[in-house]
Amino acid sequence: MATAGWCFRHCVGLGSTFTGRSVATEFSAIHKVRVSPCCRELSTPPRKKQTKDDPRYPSSDAGSHRLPDDELNVKAQQIVLSHRPIAGSPVELEHFSLQPLDLAAQTSHGCIPDNKVLVKTLCLSVDPYMRTRFHTDTGVEYTQPFEVGKPIASAGIGYVVLCGDGVEGYAPGDLVLEPFDGWPWQTDALLDVDSLTRLPPSLSALIPVTDCLGVVGLTGLTAYFGMLREVSCGADDVVVVSGAGGATGHIALQLALQRGATVIGITGSDEKCDVLRKSLGVHATLNYKLQTKGSLTTRLQDTLSALGCSQAKGVTIYFDNVGGSISDDVIQAMGPDSSIVLCGQISMYDSDEEYPPPVSAAAQGHIDRHHIARNRYIVLNYLDEYGKALSDLCQMRATGRLKSHETWTTGFKNAPSAFVSMMHGGNTGKALVSCADPPLMQQVRTSSLKNACVRFFIRISGKNVSQQHNTGSRHGQSIAAVGCERLLGSTIRYRTRVCAVITRVNPWKYLCRHLQCFERTLAESREHEDN
């Protein structure tokens with residue numbers, strides 16, 4: 001996964017969506033931009049200056065960088081694999097163990113090793129693929145089994161506390177991301193900088209930074225390439241998504257809806273069905289746990305008829321996240337020359353069968369008779385295209401065309417409960433664990449360019465708009481819009497179109513296309529104000 005990590009680090013700038021330049025060029029440009037404090041406070045803890053008075057942040061001439069005081073070692077904790085589950089049985093809480101962590105043992109005489117940073121964990125990702133890592137053999141080449149007695153690991157976000165010698169481009173307070181499986185389940189960790197991605201402060205003006213673990217991360221990439229590249233979803237397609245209420249499923253069905261397809265979501269509760277229909281606009285949903293007459297195949301065929309779809313044509317694309325009996329039933333409703341995107345098989349992960357597991361004899365017979373394509377899909381096959389895909393996903397998310405649902409579990413020690421619940425379908429959308437104090441996590445999860453604009457104009461105008469007017473109302477937004485229009489119009493001449501758009505009632509989503517220019521404008525105005 002070193003290649004995947006490198007690609008994500010160089011794509012997370014996400015600027016190519018907004019200006020048309022290459023991702024690498026935009027990523028470099030973002031780091032050169034001076035970011036206004038009103039943007040920065042939405043995303044990162046304040047950077048701490050390294051001074052001689054603070055032993056935790058020594059000056060550059062102090063040589064080796066030492067760990068913070070012993071209080072950190074007392075509070076540090078980790079969650080390790082206590083023992084492996086028996087093949088065929090689920091992972092339970094007993095398979096995890098919360099233990100104290102001695103960070104000093106990972107250092108050389110208390111000094112942070114070269115090319116490493118000390119990070120504080122803010123949030124952890126919980127994903128179905130992790131279940132395969134509890135086996136002695138994952139069955140895939142891109143991730144390795146967990147070791148008994150060693151920390152569980154996943155994707156994660158945290159902030160830098162201290163940097164070791166030789167570390168460039170990172171400073172205390174920077175938000176950092178490990179996008180796949182290399183963030184250990186520890187409250188504090190020493191991580192190699194080569195495995196991390198620094199999240200630019202400007203990112204939080206576009207999307208919540210936690211989207212980098214979901215809709216604008218590997219989860220979103222999995223849905224993106226599965227729905228748009230493995231198959232070319234279009235307006236003539238009838239798409240069925242199983243596990244539609246999960247992290248990948250609820251993104252995949254939105255991408256299909258954007259292409260004009262007829263979309264049916266299969267999930268395991270009435271509550272999730274309501275979310276899919278009312279929030280995401282799915283044409284129909286099926287609760288596979290609902291006790292009714294007839295098989296899931298029959299119910300699916302009845303649904304197709306109710307939607308006016310041809311029975312002969314049947315389902316044309318099946319985005320399979322679950323496998324097992326659900327997939328066997330869906331396959332029976334598929335038409336000739338249709339396609340199965342074999343994304344995940346969560347119902348089969350407890351077993352140690354070879355991946356992908358076979359379908360039933362009846363389903364396989366239907367596949368053979370109707371020439372249905374069922375091929376293994378791995379998102380890592382599209383590494384070279386991650387840049388454009390991340391830019392597309394970020395733009396769709398920032399402009400409101402992609403919604404992201406999240407299920408949060410609070411408290412580092414509750415991460416095992418989040419995993420067990422997720423494996424039993426307890427999440428809607430992306431499952432995440434908040435590991436930091438509530439105020440800090442609120443800063444990380446609160447993110448909108450609207451808030452950045454309003455805070456800035458409150459500051460420069462000297463008016464307490466939040467007390468005089470509700471900034472969410474038409475009048476309150478108009479005040480901020482007038483200020484923003486004046487600022488942008490006086491400093492950026494070529495942005496006439498943006499100035500025209502910004503007077504609308506809810507203009508904030510359009511500004512994402514001009515984020516870098518906006519940041520420079522804020523910085524210029526701040527310098528002018530200071531002078």
Identify the two heavy atoms, one from [X] and one from [Y], that lie closest to each other, and give their separation to 0.1 Å.
{"X": "Gly411", "Y": "Val433", "answer": "O-CG1, 3.6 Å"}
{"X": "Gly166", "Y": "Asn115", "answer": "O-OD1, 4.2 Å"}
{"X": "Trp183", "Y": "Glu178", "answer": "CE3-CB, 3.7 Å"}
{"X": "Phe225", "Y": "Ala389", "answer": "CZ-CB, 3.5 Å"}
{"X": "Arg376", "Y": "Ile378", "answer": "NE-CD1, 3.8 Å"}
{"X": "Pro128", "Y": "Ile346", "answer": "CB-CD1, 3.7 Å"}

| task | Please indicate whether Glu168 has more than 12 foreign heavy atoms, meaning atoms of other residues, nucleotides or ligands, lying under 6.0 Å from its CD. | result |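 Open.
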
Look at the side chain of [X] and the backbone N and O of [Y], then say whether any donor-acceptor pair between them is shorter than 3.5 Å.
{"X": "Arg133", "Y": "Gln144", "result": "yes"}
{"X": "Asp192", "Y": "Asp194", "result": "yes"}
{"X": "Thr409", "Y": "Ala415", "result": "no"}
{"X": "Gln254", "Y": "Lys403", "result": "yes"}
{"X": "His250", "Y": "His405", "result": "yes"}
{"X": "Asp174", "Y": "Ala171", "result": "yes"}
{"X": "Thr267", "Y": "Ala244", "result": "no"}
{"X": "Gln258", "Y": "Arg401", "result": "yes"}
{"X": "His283", "Y": "Val263", "result": "yes"}
{"X": "His424", "Y": "Ser421", "result": "no"}

Quick one: do the [X] and [Y] side chains pair a donor with an acceptor below 3.5 Å?
{"X": "Tyr224", "Y": "Glu385", "answer": "no"}
{"X": "Asp320", "Y": "Tyr318", "answer": "yes"}
{"X": "Arg84", "Y": "Thr136", "answer": "no"}

| said: Before you tell me yes or no, could you show the steps for Leu101 and Gln77 under side-chain contact (heavy atoms from CB on, under 4.5 Å), namely the whole-Å CA-CA distance, both residues' side-chain angles and the distance that decides it to 0.1 Å? | reply: CA-CA 5 Å; Leu101 173 64; Gln77 294 178 310; 5.6 Å; no

| query | After noting the C-alpha distance and the side-chain angles of Leu255 and Cys233, does the key distance pass the side-chain contact (heavy atoms from CB on, under 4.5 Å) rule? | reply | CA-CA 9 Å; Leu255 295 174; Cys233 180; over 6 Å; no

Is there side-chain contact between [X] and [Y], with heavy atoms separated by less than 4.5 Å?
{"X": "Met227", "Y": "Val341", "result": "no"}
{"X": "Asp181", "Y": "Tyr129", "result": "yes"}
{"X": "Leu380", "Y": "Tyr386", "result": "yes"}
{"X": "Ile152", "Y": "Leu81", "result": "yes"}
{"X": "Leu196", "Y": "Val160", "result": "no"}
{"X": "Ser154", "Y": "Met130", "result": "yes"}
{"X": "Tyr382", "Y": "Glu230", "result": "yes"}
{"X": "Pro184", "Y": "Gln78", "result": "no"}

Rounded to the nearest 0.5 Å, how far apart are [atom1] of [X] and [atom2] of [Y]?
{"X": "Thr248", "Y": "Leu253", "atom1": "OG1", "atom2": "CG", "answer": "11.0 Å"}
{"X": "Thr132", "Y": "Asp127", "atom1": "OG1", "atom2": "CG", "answer": "11.0 Å"}
{"X": "Phe96", "Y": "Ser417", "atom1": "CZ", "atom2": "OG", "answer": "8.5 Å"}
{"X": "Ile266", "Y": "Ser242", "atom1": "CD1", "atom2": "OG", "answer": "6.0 Å"}
{"X": "Ser195", "Y": "Lys116", "atom1": "OG", "atom2": "NZ", "answer": "7.5 Å"}
{"X": "Leu280", "Y": "Lys272", "atom1": "CG", "atom2": "NZ", "answer": "12.5 Å"}

| message | Checking ring pair (Phe, Tyr, Trp, His ring centres under 6.0 Å) between Phe419 and each of Phe134, Trp185, Phe146, which is the one that passes? | response |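 Exactly one candidate clears the test, Phe134.
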
| query | Are Phe180 and Thr143 close enough, and set up right, to give a side-chain contact (heavy atoms from CB on, under 4.5 Å), and what steps lead you there? | reply | CA-CA 9 Å; Phe180 183 45; Thr143 188; 4.2 Å; yes

| Would Thr219 and Lys430 satisfy side-chain contact (heavy atoms from CB on, under 4.5 Å), going step by step from the backbone distance to the final call? | CA-CA 9 Å; Thr219 301; Lys430 182 71 178 180; 3.1 Å; yes

